[in-house]
Amino acid sequence: MGKIVLSVVLGLLSPLVYILGAEPFEVRGENSVQEVLAGGVAVALYLAVCQFLATRNSSGGLRADWPILAAMVAPLLAVCLIMGSSDVGVPMLLAGSI
C-alpha cells in the first residue's frame, strides 16, 4: 500500500516536470512543437526512472507491479481530463503511459 501512495504522489509531480522540461523551449503566445516534445520527453524519462525505482525490489514481475504503474499514470489521466483535450494534456498523458 505504501508504494501505491508513493506512486500517486510521484505521478502528481509529473505536470511540474512537464512544465520544467518545456520551459527552455517556450515561445510567447503559443505552444511550439519543440516545447510540447521537450515536456513529453521530460515526463517520460521522469516516470520511467520513478517506475524503475518503485518496482526495483519486487520479484513478482509485471503481474505484481501493475497497481504501482497504474497509480503513477492515474494522476496524469486526471489532469488530462481536467484540462480537456488541450494540446498539452494529451502528449503529457501519452508520454507518461509509454
Side-chain angles (χ1 to χ4, degrees):
M1 185 67 172
K3 285 187 178 183
I4 293 177
V5 173
L6 177 66
S7 295
V8 170
V9 170
L10 291 174
L12 284 172
L13 292 176
S14 58
L16 177 65
V17 171
Y18 184 89
I19 292 169
L20 292 175
E23 186 72 29
F25 301 97
E26 184 176 357
V27 176
R28 289 190 184 260
E30 64 181 67
N31 288 334
S32 66
V33 174
Q34 292 90 2
E35 181 181 1
V36 173
L37 184 64
V41 168
V43 168
L45 290 174
Y46 168 73
L47 288 179
V49 168
C50 290
Q51 288 171 359
F52 173 74
L53 293 175
T55 62
R56 179 175 57 173
N57 294 331
S58 73
S59 61
L62 184 60
R63 288 186 185 176
D65 294 333
W66 74 266
I68 294 171
L69 303 177
M72 201 169 288
V73 176
L76 279 178
L77 182 61
V79 167
C80 214
L81 291 175
I82 291 170
M83 291 175 65
S85 61
S86 70
D87 56 344
V88 174
V90 174
M92 186 170 51
L93 178 64
L94 289 175
S97 297
I98 290 174

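Sequence positions, counted from 1, serve as the residue numbers for this chain.
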### Message
Looking at every heavy atom in both Val17 and Ala42, which two are closest together, and how far apart are they?
### Response
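Residues Val17 and Ala42, closest heavy atoms: CG1-O, 3.7 Å.
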### Message
Just verifying a value: how many Å separate Glu23 CD and Tyr18 OH, rounded to the nearest 0.5 Å?
### Response
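Here the rounded value is 12.0 Å.
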### Message
Within this structure, what is the CG-OG distance for the pair Leu20 and Ser14, rounded to the nearest 0.5 Å?
### Response
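If we round to the nearest 0.5 Å, Leu20:CG and Ser14:OG are 11.5 Å apart.
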### Task
Check each of Val49, Leu45, Val43 against Leu47 using the side-chain contact (heavy atoms from CB on, under 4.5 Å) test, and report the only one that passes.
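Of the listed options, the one satisfying the test is Val43.
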### Query
Tyr46 versus Leu10: any side-chain heavy-atom pair under 4.5 Å?
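Touching, per the 4.5 Å side-chain cut-off.
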